[in-house]
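The structure appears right after this line, and notes come after that.
Per chain, numbering begins at 1; letters A, B, ... match sequence-line order. Values reported hereafter were calculated over all heavy atoms of this structure, with side chains retained and with hydrogens, waters and symmetry mates removed.
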Amino acid sequence: MTLIGWMQILLYCAIVLLLVKPLGGYMYRVFSGDRTFLSPILGPVERVLYRISGTSENEEQHWTAYAAGIIFFSLVSFLAVYVLQRLQGVLPSNPAGMPAVEQGLAFNTAVSFVTNTNWQNYGGESTMSYLVQMAALTVQNFMSAAVGIAIAVALIRGFARASGKSIGNFWVDITRCTLYVLLPMCIVLTLVYVWLGMPQTLGPYVDATTLEGAKQTLALGPVASQVAIKMLGTNGGGFFNANAAHPFENPDAISNLIQMVTIFALGAALTNVFGRMVGNQRQGWAILASMGVLFVAGVAICYWAEAAGNPLVHALGIDGGNMEGKETRFGIAASALFAVITTAASCGAVNAMHDSFTALGGLIPLINMQLGEVIVGGVGAGFYGILMFIVIAVFVAGLMVGRTPEYLGKKIEAKEVKMAMLAILALPLVMLVFTAIAVVLPSAVASMANGGPHGFSEVLYAYTSAAANNGSAFGGLSGNTPWYNLTLGVTMWVGRFFVIIPALAIAGSLAAKKTVPASAGTFPTDSPLFVGLLVGVILIVVGLTFFPALAIGPIVEHLAMIHGQTF
Amino acid sequence: MSQSKSASIVDARILVPAIGGAFRKLDPRTLIKNPVMFVVAVVSLLTSVLFIRDLVTGGGDLGFTLQIIIWLWFTVLFANFAEAVAEGRGKAQADSLRKARTETQAKLLNGEDRTKFKLVPGTSLKVGDIVLVEAGDIIPSDGEVVEGVASVNEAAITGESAPVIRESGGDRSAVTGGTQVLSDWIRVRISAASGHTFLDRMISLVEGAERQKTPNEIALNILLVGMTLIFVLATATIPSFAAYSGGYIPVTILVALFVTLIPTTIGALLSAIGIAGMDRLVRFNVLAMSGRAVEAAGDVDTLLLDKTGTITLGNRQATEFRPVKGVNEQELADAAQLASLADETPEGRSIVVLAKEKYGIRARDMATLHATFVPFTAQTRMSGVDIDGSSVRKGAVDAVLAHVNQATVAAHGTRPTSDTNRDLQAIADEIAKAGGTPLAVERNGRLLGVVHLKDIVKGGIAERFAELRKMGIRTVMITGDNPLTAAAIAAEAGVDDFLAQATPENKLSLIREEQAKGKLVAMCGDGTNDAPALAQADVGVAMNTGTVAAREAGNMVDLDSDPTKLIEIVEIGKALLMTRGSLTTFSIANDVAKYFAIIPAMFAVFYVAPGQKNGPLEALNIMHLATPQSAILSAIIFNALIIIALIPLSLKGVKYRAIGAGALLSRNLLIYGLGGIIVPFVGIKAIDMIVTALGLA
């Protein structure tokens, strides 16, 4: 580990923290329906959209209507993405002449992009036409992100409101999110990325002659615009197969820093939106602090493990950290940092190959996702995810101070506990059960690139990534098989909607409750004690769930490496 | 709660029957009520069946498997035992109550004739029947006195042997079946059918037969079931992981891991905690009609307390004599004492005492003075004495003033000087403003001054309120006094707010107002006019001396009729919730150590490098447990024994401390969270050493 490495990490954290308040304030105004500096331009557009779709910004929905809206919207999106892929061969804007995507892969990809996972069982430049990239995938990058943020805002309203029936209007929320938050920021980011050298073209691939005289086809396309939303919306689906390790997708250290910052920007700002909506910004900071503790710990371990490298390699006389699978233009610190960020938030973009990380270095991304992506998390998803843990933490802690547990004046009762447990259970269900089947299914085992614990980690990582709607791949696993296309698709669907529905149910139930004024008998939820409690509950619940699986994967691999054994 | 009472946990009369109870509770119909323990029983049964199969076919490590199975069953039995012990404590009480419910003969009156009755069995009485109960009779069922006055021995219910008066009309009209009339007679209208009397309800309550899960308990059960499901996932996937790694994990060991991981500790003790919470109230002579009420008590935000008897001593006392100009204190004191000599009210007696203590005026004998007592009446609002043509009166200021004016006009044709009048009024106002009650004194038509009667705030009550404030509970004093007086007493007692000139209506609206703000309200009351407020309050404690209506409306009955108890009831409610929360935390925190015992034991055989004895995961055996078998056995033994070890705590409850919620949480997190992580490491290691030394594994 180097001083410069740590300074990079510190600089990153500082930028993210500085963005929280201004972005949070802006988003708070957007979702409260207040005027912003963009209202004069976007207001008329917004009103036209409402008139066309027949909704009104004053029309609020019960949580069931809100949830029905999401499911309907997601199903339609799924069908659109699926059909566009299947028909891409006969549709325009296909200069490379890509044929129709095979049905298993098309199913997997459609689920993947609708659920904000962006797991890619395909290589972008060799499978998808420009039309599919833009009209199907990029559109979903916006929409799935907007849906996530809308749910988070709806849940926040549940806490903020008292004795209410509704939690907002889904259509209004996604419209505002896309129009006022995602689009303007993406336009600015796209311009910056183009300036930094990313391609943004609809022209065909370019043939070039290399210095050695060999012929090479350079894949191009509307890269900058897709990268802007893939990071901001924590989608992570790369334009190219190599994702953010590809020089066209991530040219240099500056673009790398901007990409990392934009992954966390909206998720972190949502904690501030929460604080503002419930009338106490400290509440938001306390949640961000819990996320921060887990994040910094993860970065420290991952960076340390990668910088320490592999003793077996050192024994061969090659000093230094583990550079396998990393880009020299980013180095160890920025690669480890990127890996932790992308798995903490449910982004899934990668600028280094996680498969090549040391066992412990690769363990951190895995744990981040198993925590349910609650460290900042996917836009919206991370926030409603951590609120599920907060419900559990507050419930146990509340009992310990001798009161019916309450959070922000809302009593946490059987219904909230049930829904939170459902949401928390959904992830290990698909992560563990599918892994358990896959590691004994010969056809699934055949997809592993490595044997032993490392192969196990590849499979565990795949299902974990899919369930957490992360989308990053450990690499090594050939996922484009009927088994993986189907099961990973199901996993992504469960990981998304089995969390969303309970979260909205909690929102509805909380909104209907009275707000109990805080007293000396209520324990403060904006204190370091609460931060510690929340971190403890998250680590214990998740740790207990995944300890056996982790022991048989990365942990045994690490211990074996110390004893000189590799797989 | 005295120490001697909690020591009864180790009473053999409870423990021995509880052992039998533990086995009886293996009935699946009983077990299913406790999902966590039901799951343990199911997997125990499964391993037992597999063991019998292995026994027949031969194979496996039978001795080891048998030990695991035994401890699995012990886990279930210990849980049942905990519940049986908790119930046993209530049963002892129920038995003594049952003795009071012995078959009685009732004197059923029929028709208009109030003297003729026929003897019928007490159990045949219907609601609305009127019975005669005479001295020596046992009251056959709950009812309301419609005629007569009697002294009643209620020791059967309250344990208090001093008889109480029960009379028709007013707030002391309720009688309870099973209590005995000692003197006189009463006619009672039966208000509860046989089997539904107060005594019946009490018996089933203390026995826990009617126990229903409270809202928090249900929520906690959901959490525990959720955790259990998580561990189903964690353990059920292990065989496949093991198969991939080239190994095999026997079912018994998987079951052992599963049972140690699921929250058996809290699952086993949960119902015992609930029963013990009710029991603590019963021991405190408070009957909660539902567990829900006990839980609500812990959540109370606002406490409505009656001034008289709760905040102040029941009676006002004379504290000073304030003469008007031209009269000295001695003279006033003398007259005041004279006027009070025959006054048997506590106020009157306090005047006599004050005069004696402060001015050395000895009480005189009415007879030797040839004095005649003029008692207080609602019309005159004065009392006093007449001695040989001279008269002394004391009473309400306006009444005495009117009396003096009248007398002066009659005697002299003029009114007394307005100076004296004004002076007296000024003193009276000053006393009222300070929260006292002024009592004017005159002698032969001459105004002498005012006696200051004061409400004496109970000693230590201000500290109790400060403590309540730390718990986050707001106290509101309810009084019939005027706002001025009320404010002064409220300030002295340190309550947060007061309701002056309280009527049943504004009491009720105060409760509704608080509840509209999302607060939970507790109050106590005894009169029929308290019934609506008692019913509206989240925790309504009715005094046992109160009316039937009040007792029906409240969700708790205080057998000692002591309104101060509301504060203890809140603490018991809080302790109940805290015990659940703390043991849940402890139970889940325990899992860390159990993983470190069992995972290396299970997985150490994988990926063994050539020339090595153990695989890399042996490094996780940080406790250095002797063998995989001893590690697993120690974990399951610890898991079972900790249930027994925590029975006393779950029955006694985690003590509530008014140190603020934040401090309380860190304290409990430290003890039960951090302690919950550390204790099993020590415990499992110790058991492992014993198991190894005994050669059990």
With a 4.5 angstrom heavy-atom cut-off, is it the side chain or the backbone of A:Leu460 that approaches chain B, or both, or neither?
neither

B:Leu664 versus A:Met400: any side-chain heavy-atom pair under 4.5 Å?
no

Drop me the distance from A:Ile540's CD1 to B:Ile588's CD1, to the nearest 0.5 angstrom.
8.5 Å

Would a 4.5 Å heavy-atom cut-off, applied to side chains only, mark B:Phe606 and A:Ile552 as touching?
yes

Scored by heavy-atom pairs under 4.5 Å with chain B, the best of A:Gly402, A:Ala162, A:Ser163 is A:Gly402

Hey, what do you get for OG1 (B:Thr237) to CZ (A:Phe546), rounding to the nearest 0.5 Å?
9.0 Å

First locate atom CG of A:Leu425, then atom CG of B:Leu233, and finally report the distance between them rounded to the nearest 0.5 Å.
6.5 Å

Within-4.5 Å side-chain heavy-atom neighbours: A:Val439 and B:Ser245:
no

So for A:Phe456, is it side chain, backbone, both, or neither that comes closer than 4.5 Å to the heavy atoms of chain B?
both

Greatest number of non-hydrogen atom pairs under 4.5 angstrom with chain B, of A:Val556, A:Leu533, A:Leu544, A:Leu559, falls to A:Leu544

What part of B:Ala296 is in contact with chain A, defined as an atom under 4.5 angstrom from a non-hydrogen atom: side chain, backbone, both or neither?
neither

Give, as side chain, backbone, both or neither, the part of A:Leu429 having an atom under 4.5 angstrom from any heavy atom of chain B.
both

Which of A:Pro524, A:Pro517, A:Gly553, A:Gly532 touches chain B most, by non-hydrogen pairs under 4.5 Å:
A:Pro517

Minimum-distance pair of heavy atoms, taken over all atoms of A:Ala551 and B:Phe603:
CB-CD1, 4.2 Å

Interface check, chain B: of A:Val537, A:Thr522, A:Val516, A:Val433, most non-hydrogen pairs under 4.5 Å belong to A:Val516

Go through B:Leu229, B:Ile218, B:Leu520 and name the one with the most non-hydrogen pairs under 4.5 angstrom from chain A.
B:Leu229

Which of A:Gly452, A:Ala560, A:Pro428, A:Ala397 touches chain B most, by non-hydrogen pairs under 4.5 Å:
A:Gly452

Return yes if some donor-acceptor pair links the side-chain N/O of B:Tyr656 with the main-chain N/O of A:Val401 below 3.5 Å, else return no.
no

Checked B:Asp301, B:Thr584, B:Leu261 vs chain A; the most non-hydrogen pairs under 4.5 Å come from B:Asp301

Side chain, backbone, both or neither: which part of A:Met448 has a heavy atom under 4.5 Å from chain B?
side chain

Neighbour count >12 (heavy atoms, 6.0 Å) for atom CZ, A:Phe498:
no

If you count heavy-atom pairs under 4.5 Å between each of B:Ala619, B:Ser666, B:Ala663 and chain A, which one has the most?
B:Ser666

Locate the shortest heavy-atom distance separating A:Arg403 from B:Val300; write the atom from each residue and the value.
NH1-O, 4.0 Å

Let me know if B:Ala575 has heavy atoms under 4.5 Å from chain A in its side chain, its backbone, both or neither.
neither

When the ring planes of B:Phe596 and A:Phe547 are compared, do they come out parallel, tilted or perpendicular, using 30° and 60° as the limits?
tilted

Heavy atoms of A:Val440 and B:Tyr244 approach each other most closely as CG1-N, 4.5 Å

Decide if atom NZ of B:Lys517 counts as having more than 12 heavy atoms of other residues, nucleotides or ligands within a radius under 6.0 Å.
yes

Which distance, rounded to the nearest 0.5 Å, do you find between the NZ of B:Lys574 and the OG1 of A:Thr404?
9.0 Å

Please state whether the side chain, the backbone, both or neither of B:Arg667 comes within less than 4.5 Å of a heavy atom of chain A.
neither

Kindly compute the distance separating CG (A:Leu432) from CD1 (B:Ile238), expressed to the nearest 0.5 Å.
9.5 Å

Considering only heavy atoms and a distance below 4.5 Å, find which of B:Gly226, B:Gly615, B:Gly472 pairs most often with chain A.
B:Gly472

Distance col, row B:Ile230:CD1 vs A:Met421:CE, nearest 0.5 angstrom, shows 4.0 Å

Quick check: do A:Pro548 and B:Thr235 have side-chain heavy atoms less than 4.5 Å from each other?
no

Let me know if B:Leu220 has heavy atoms under 4.5 Å from chain A in its side chain, its backbone, both or neither.
both

Show me the pairs that pass salt bridge (Lys or Arg N to Asp or Glu O under 4.0 Å) and involve residues 443-457 of chain A, at least two apart or across chains.
none

Residue A:Thr515 versus chain B: region with a heavy atom under 4.5 Å
backbone

Where does A:Ile424 contact chain B at under 4.5 Å (heavy atoms): side chain, backbone, both or neither?
side chain

Side chain / backbone / both / neither for B:Met602 at chain A, heavy atoms under 4.5 Å:
neither

Counting neighbours of NZ on B:Lys470 that are heavy atoms of other residues, nucleotides or ligands and sit closer than 6.0 Å, is the number greater than 12?
no

If you count heavy atoms of other groups shown closer than 6.0 angstrom to NZ of B:Lys519, is the number above 12?
yes

Report the option among B:Ala219, B:Gly518, B:Ala243 that has the most heavy-atom pairs separated by less than 4.5 Å from atoms of chain A.
B:Ala219

Name the region of B:Ile599, side chain, backbone, both or neither, that has any atom closer than 4.5 Å to a heavy atom of chain A.
side chain

Exceeds 12 heavy-atom contacts within 6.0 angstrom, atom CZ of B:Arg292:
no

